[in-house]
Amino acid sequence: MSSNWADEVDGDELPQTFTDANGITTHIEFRINEDGKKVKITRRTQKKLIHDVVNKAVAARKKWPKFGKERGKPPGPDPATTNVGDNIKLKLSSTGQIVQEVDDKHESMKQQLQNKKILCRICKGDHFTTKCPYKDSLGVEDAAASSAAAAEEAAPEAEPSSGSKYIAPHMRAGASKVGDRDSMREKRDEQPTLRVTNLSEDVTEGDVSELFNRFGHISRVFLARDRETNACKGFAFVSFTMREDAQRALEAIDGRGYDNLILRVEWAKSSA
DNA sequence: GATGAGCGA
């Protein structure tokens, strides 16, 4: 051989690889063929992974306009309501082992969201709405009004929310210090509420709402528990926002078997 | 068989 590989390959003849905007990867390298001549080898590849095909559908879905309470909001997850976790791809390594790989694109979105604050829609506290301590005690209709009150309570030192003229009920002139709890109870009793009896003692609030939420929005679930043992005392109250939903739930669940017991569902009477 | 907890600073 007259030529040495190392002699032939100088600076600009090193193999190179680049990927264009269309995802086409071009690989160029120089080799010495059997005749001792240097040849340029160009390979173009376009990888189409199953995961890209699937993500196309996902990407399209992300552009759907938002509806309901989120109508008109920009696309993508809202940090006030959504937690973004890791997007881990599983890959097979050369040795056949499964390797976890965190998706970088996804990671950057996650980091952007981390810089934003979680904001409760009920009380504006820094927890998710579903975790709000006021969630069960406040009706959905007056959540907006109560939010400011709750925010005042939770963080009196916090900077005043910009432009808000709202004055919390207990801060208003002539507001009484007592009776708040009673008004809460009245609120509770106004809601269409079902009493569910004959529940087994290991039933949880989650079980109850799972059983009833297919009939409509549930504003409150109260499960009577033993104060010491924490076990279910066998009955619960389920409040709906819509009376019709409660009615349908009553008819559907009353007499239904659950945990080998037959449930009884009726309209709750006010305890006072 | 049963109609919700707490009643305090």
Side-chain angles (χ1 to χ4, degrees), chain A residues 120 122-123 125 127 129-143 145-158 167-272:
Chain A
C120 170
I122 294 173
C123 76
H127 47 252
T129 306
T130 49
K131 295 271 159 66
C132 180
Y134 303 97
K135 176 180 59 139
D136 287 345
S137 52
L138 298 174
V140 176
E141 341 41 80
D142 57 2
S146 318
S147 65
E152 289 291 328
E153 256 173 67
E157 304 301 324
I167 298 164
H170 72 281
M171 304 284 279
R172 288 177 199 158
S176 65
K177 289 267 175 196
V178 289
D180 229 38
R181 292 231 102 89
D182 285 347
S183 73
M184 293 239 296
R185 159 130 28 134
E186 281 164 31
K187 269 273 153 55
R188 168 243 268 178
D189 290 339
E190 278 166 23
Q191 295 181 293
T193 302
L194 302 176
R195 184 179 66 135
V196 189
T197 53
N198 213 24
L199 292 162
S200 80
E201 66 167 21
D202 41 44
V203 160
T204 65
E205 284 87 350
D207 296 331
V208 175
S209 62
E210 231 172 74
L211 186 63
F212 283 91
N213 65 20
R214 69 185 173 98
F215 300 99
H217 182 257
I218 293 172
S219 54
R220 199 177 74 115
V221 171
F222 178 90
L223 185 74
R225 288 176 179 279
D226 185 287
R227 197 148 14 134
E228 279 98 40
T229 67
N230 224 26
C232 170
K233 282 203 285 193
F235 67 99
F237 295 93
V238 181
S239 302
F240 284 84
T241 19
M242 309 299 262
R243 180 152 223 103
E244 314 86 85
D245 295 339
Q247 177 71 51
R248 287 188 301 120
L250 189 155
E251 285 160 16
I253 305 296
D254 186 30
R256 211 186 101 156
Y258 189 79
D259 272 356
N260 69 38
L261 294 172
I262 293 173
L263 298 183
R264 246 192 99 49
V265 184
E266 53 213 314
W267 289 106
K269 291 177 245 175
S270 163
S271 56

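In what follows, chains are A, B, ... by sequence order, proteins preceding strands, each numbered from 1.
Taking the six-membered ring for Trp and thresholds of 30 and 60 degrees, A:F212 and A:F240 have ring planes more than 60 degrees apart, a perpendicular arrangement.
A:D189 has its CG atom 10 Å from the P atom of B:dG4, to the nearest Å. For the pair A:R225 CZ and B:dG4 C1', the interatomic distance rounds to 13 Å; values are reported in whole Å. If you measure from atom CG of A:D226 to atom C1' of B:dA2, you get 13 Å, rounded to the nearest angstrom. Here the C1' atom of nucleotide B:dT3 and the CZ atom of A:F237 are 4 Å apart, to the nearest Å. As rounded to whole Å, 18 Å separates atom P of B:dG4 from atom CG of A:N230. The CD atom of A:E228 sits 12 Å away from the P atom of B:dA5 (whole-angstrom rounding). Distance, A:L194 CG to B:dG4 P: 16 Å, rounded to whole Å. Taking atom CZ of A:R195 as the reference point, atom P of B:dG1 lies 12 Å away to the nearest angstrom.
Under 3.5 Å, the side chain of A:R185 and the base of B:dG6 form at least one donor-acceptor pair of N or O atoms.
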Verify salt bridge (charged side-chain N to carboxylate O under 4.0 Å, His left out) between A:E205 and A:R225, making sure each step is shown before the conclusion.
-> CA-CA 10 Å; A:E205 284 87 350; A:R225 288 176 179 279; 2.7 Å; yes

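Nearest nucleotide to the side chain of A:F222, out of B:dA2, B:dT3, B:dA5: B:dA5. Among the nucleotides B:dA2, B:dG6, B:dG4, the one closest to any side-chain atom of A:R188 is B:dG4. Nearest nucleotide to the A:K269 side chain, out of B:dG4, B:dG6, B:dT3: B:dT3.
Nearest heavy-atom pair across A:L223 and A:V203 is CD2-O, 3.3 Å. Across A:G216 and A:D245, no two heavy atoms sit closer than the pair CA-OD2, 3.5 Å.
Contact annotation for A:R227: backbone-only contact, meaning every heavy-atom pair under 4.0 Å involves sugar-phosphate atoms and none involves a base.
Checked for salt-bridge contact, A:R256 and A:E251 miss the test: no charged N lies under 4.0 Å from a carboxylate O.
B:dG4 has its base syn relative to the sugar, with a glycosidic angle deviating from 0 by at most 90°.
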